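Presented below is the structure to which this report refers.
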Amino acid sequence: MTQQSTDAGDLMSLCRRRGFVWPSFELYGGVAGMFDYGPTGFSLRNNIVDIWRDIYKRGEGFVEIDSETVNPQEVFRASGHVDQFSDLMTYCSVCRSPFRADHLVKDIFENPDVLSPRELDVAFAANGIGCPECGGALGPVEEFNLMFRTTIGPGSSRVGYLRPETAQGIFVNYLNLYRYNRDKLPLGVIQTGRGYRNEIAPRQGMIRMREFNMMEVELFVDPDDKDWIRYPEVKDRTLTLVPNDTGEPVVMTLDEAVGKGIIANRVLAYFIHVTRELLVRLGVDPDRLRFRQHLEDEMAHYAADCWDAEALLSYGWTEITGIADRGCWDLSRHAEFSGTDLTHFKMYDTPRETEVERIKAKRRELGPRFKADAGRIASLIEAMTPADIVGGRLVLDPDGEALEVGDDLFEVVTVREKVSGERVVPHVIEPSYGLDRIFYTVLEHAYEYDAAKDYAVLRLKPEVAPVKVGVFPLMEKDGLDEVAREIHRSIHSHRVEAYYDGSGTIGRRYARMDEIGTPWCITVDYEALEGEHKGTVTIRDRDTSLQKRIPIGDCGRIVGELLEGKPFDAL
RNA sequence: GCGAAUGUAGUCCAGCGGUUAGGACGGGGGCUUCCCAAGCCUCUGACCCGGGUUCAAAUCCCGGCAUUCGCACCA
């Protein structure tokens, strides 16, 4: 049943023909790595976003924001993208081959990626390093940053970048969000939006885009509590994991994976599961879905642990979602670069009271003896701890000259201290969904082509299908068209898209709907007008081609029920 | 970014110095009681862009852009 190797070209052709996606700027020859969404595609994409939002906003109670796509340079200095997201490149002056400059000196330097372009130039000359391809001289080392750079405002005083991920917009709003959440963790924030990466060579259609859509979730949690309240509900569910120690797929329960230390913690495990549920609900084939742990050296500069949801596409296993434990990296960095405290005040369940021994100066004795210096000496005494007392005496050091004081001037007292909490930098769990890749995966996994009949069907889940129901008159005359238009009007709404089609033969119209994945079609035939079936029409199921007769007046209700998940057989 | 191949209606293909640039499918309109891309009539619509060679370029040459494949790159 399942198409073994979907031809990406055939599917892309269908996508263009049927209004799913179009290569951008085709009118002017096109730009690699950029695509526009057509009406059916955008509808499908919106449906995907709606379901994602349903899971995180309604299901988990997360809040949604929207932030700017152009960010000042400081943001990406803090995030590390200015330094980490660029590669130092050099080009052979003879054969023009490009090379990562730091890779060429990795045998010479312990840590070549800290070298500056200038230092690398010098290193090439000093060590006689030439082009690995042809031996030619290497050109000057240049920085190639994958971020699109711009300036904010007139002149070029303020450098800005188009964001390479939406996440930073959430991190820079941490304090606002934290207050909005009334100073509590966990704090879940979601955002959809575009990110931009100036890919050197975009390939593989929608898989590597220069301007792409993300659905990002940032969950701020207590670093000492990486459990999740709903974890027990899902702990016995199984999924396919590819841990980075063996690299071999294994099927196991979440609890087993956490227990064996394969998945770092429960909250990460929970959201890996949530991701699986979401992707399957959207129509990703469970048999072509796995979760692969990043290799140690593959982890992003910010990640503590990272799992990719990978889908098997005609391009091979492809990352469609990354679920990372970013630790405290982002907030620590933004705190450092902005000079602002970005912490969570973690209240203890009960304030911790401890008894501590402190040294207390006898100010009554000090005053008369030291006059004006008394206050200073008192604070010096109180800065000491009981452990500093030797033979009942303390040695102070005012102005570099030793001063010994006896216990007539101080006493050891026991005080009760109350600590009601501590400040911690929240850790961030980030499920980051590549919307365009998910969109493409949903299409590829839904696509089925029968070469014998030259017939293509998109077996989209009804929930994501751009058009829910096609409405046809068997022939566009004799009043059949009027009945069909009336049915169309009664069903078509902003939630349920219905499509009226009266042109061409009936088979052609079914074929058109099958090609955009419309799950059901209603046809008004002559029996609707007279005879024993008067007042009824047929409804056809895309995946089986089976038809049932239903009363005209019930069409809207029945389509609604089918969308709710009622099986077609049960009609 | 390098190398190779390719670029003709919406799609797939033909044409390879002089053609009203041809077909199939699709799309629009019409006819047909028409339920799975049926049939008949009819209409629609293309030489990637820019230079050059030539009396004449879709066709040959150069450059650009794009696509595909290798190499390189890729949170």
Side-chain angles (χ1 to χ4, degrees), chain A residues 7-10 12-19 22-34 79-81 84-87 89-92 94-100 103 131-134 142 144 146-147 164-165 167 195 197-205 207-210 212 214 216 294 298-303 306 308 318-319 322 324 326 430 432 434 450 453-457 470 472-478 480 502-515 521-531 537-542 544-547 549:
Chain A
D7 183 79
D10 286 349
M12 209 56 206
S13 162
L14 184 154
C15 283
R16 296 166 66 162
R17 210 154 19 89
R18 294 297 180 200
W22 297 309
S24 300
F25 314 113
E26 247 187 328
L27 187 60
Y28 292 102
V31 176
M34 295 188 173
S79 73
H81 286 93
Q84 304 284 333
F85 210 56
S86 64
D87 295 330
M89 305 290 293
T90 182
Y91 300 86
C92 172
V94 179
C95 71
R96 299 307 299 160
S97 300
F99 302 98
R100 283 280 297 273
H103 287 184
C131 171
E133 294 287 328
C134 73
E142 301 165 16
F144 183 80
L146 267 6
M147 289 192 291
E165 58 175 19
R197 293 178 190 188
N198 202 0
E199 298 286 353
I200 296 170
R203 288 286 169 86
Q204 301 172 316
I207 300 306
R208 288 268 298 283
M209 288 167 66
R210 288 191 163 124
F212 56 101
M214 279 167 289
E216 284 200 310
H294 273 205
E298 186 185 4
M299 301 265 192
H301 56 270
Y302 48 71
C306 189
D308 283 348
T318 305
E319 176 198 351
R326 295 174 74 129
E430 178 195 75
S432 175
D450 184 335
K453 288 191 274 186
D454 186 28
Y455 199 94
V457 184
F472 318 140
L474 189 59
M475 295 187 64
E476 209 167 25
K477 62 178 192 179
D478 302 330
L480 297 178
S503 86
T505 64
I506 192 70
R508 179 176 308 239
R509 285 176 267 167
Y510 287 141
R512 279 197 280 248
M513 286 293 108
D514 285 347
E515 233 181 13
C521 291
I522 289 171
T523 301
V524 181
D525 57 9
Y526 283 93
E527 293 179 54
L529 302 182
E530 56 192 9
V537 292
T538 63
I539 184 165
R540 167 191 181 267
D541 180 54
R542 176 194 65 206
T544 58
S545 290
L546 294 176
Q547 287 182 306
R549 294 204 77 89

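The basis for the numbers below is simple: all heavy atoms, side chains too, and nothing from hydrogens, waters or symmetry mates. Every value quoted in this text rests on a predicted model; they were computed, and no experiment measured them. Sequence lines set the chain letters: A, B, ... in the order given, protein chains first and strands last, and positions in each chain run from 1.
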Problem - Step-by-step side chain to side chain contact (heavy atoms under 4.5 Å, CB included) determination, A/L474 to A/E527 - result: CA-CA 10 Å; A/L474 189 59; A/E527 293 179 54; over 6 Å; no
Practice task
Sugar-phosphate means primed atoms, P, OP1 and OP2; the rest is base. With that split, encode nucleotides 35-47 of chain B 5' to 3' as B, S or - using protein heavy atoms under 4.0 Å.
Solution key: BBBB---------
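- Contact annotation for A/G504: base contact, defined as any heavy-atom pair under 4.0 Å involving a base atom.
- Here A/R326 does not pair with A/E216 in a salt bridge; the nearest charged N to carboxylate O distance is not below 4.0 Å.
- The nearest whole Å value for the distance from the CG atom in A/N198 to the P atom in B/rC74 is 15 Å.
- Here A/R540 pairs with A/D514 under the salt bridge (charged side-chain N to carboxylate O under 4.0 Å, His left out) rule; sequence neighbours left out.
- Rounded to a whole angstrom, the distance from the C1' atom of B/rU8 to that of B/rU19 is 14 Å.
- In this structure A/F212 satisfies the ring-ring contact (aromatic ring centres under 6.0 Å, His included) test with no other residue, sequence neighbours excluded.
- On the C1' atoms, B/rC48 is 12 Å away from B/rA58, given to the nearest whole Å.
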Practice task
Check step by step if side-chain hydrogen bond (donor to acceptor under 3.5 Å, both in side chains) holds for A/Y510 and A/S545.
Solution key: CA-CA 9 Å; A/Y510 287 141; A/S545 290; over 6 Å; no
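- With hydrogens and angles disregarded, a donor-acceptor distance shorter than 3.5 Å links the side chain of A/R509 to the backbone of A/G504.
- Rounded to a whole Å, the CG atom of A/D308 is 13 Å from the C1' atom of B/rC74.
- Toward the 5′ end of RNA chain B lies the nearest nucleotide of A/E26, the other residue of the pair A/E26 and A/S432 mapping further downstream.
- Position along RNA chain B of the nearest nucleotide to A/S503 versus A/R16 favours A/R16 as the more 5'-ward residue.
- Straight-line distance between the C1' atoms of B/rC60 and B/rA72: roughly 33 Å, to the nearest whole Å.
- A distance of about 11 Å separates the C1' atoms of B/rA21 and B/rA9, rounded to the whole Å.
- Here the shortest heavy-atom pairing between A/T538 and A/Q547 reads OG1-NE2, 3.4 Å.
- Legend: residues meeting salt bridge (charged side-chain N to carboxylate O under 4.0 Å, His left out) with A/R542, ordered by chain and number and at least two apart, are absent.
- A/D10 places its CG atom 19 Å from the P atom of B/rC25, with the value rounded to the nearest Å.
- Taking atom P on both nucleotides, B/rA66 is separated from B/rC49 by 15 Å, rounded to a whole Å.
- For the C1' atoms, the distance from B/rA38 to B/rG17 is 44 Å, rounded to whole Å.
- RNA chain B contains the following stems of three or more consecutive Watson-Crick or G-U pairs, with both distances under 3.5 Å: B:1-7 with B:65-71, B:10-13 with B:22-25, B:27-31 with B:39-43, B:48-52 with B:60-64.
- Here, B/rA24 and B/rC61 have their P atoms 32 Å apart, quoted to the whole Å.
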I'd like a table of atom pairs between the protein and nucleotides 65-70 of chain B - only N or O on both sides, under 3.5 Å - with the distance next to each one.
{"from": "B/rC65", "atom 1": "O2'", "to": "A/G29", "atom 2": "O", "distance (Å)": "3.4"}
{"from": "B/rA66", "atom 1": "O4'", "to": "A/G29", "atom 2": "O", "distance (Å)": "3.2"}
{"from": "B/rC69", "atom 1": "N4", "to": "A/R203", "atom 2": "NH2", "distance (Å)": "3.2"}
{"from": "B/rG70", "atom 1": "O6", "to": "A/R203", "atom 2": "NH2", "distance (Å)": "3.0"}

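- Taking the P atoms as reference points, B/rU59 lies 15 Å from B/rG15, given to the whole Å.
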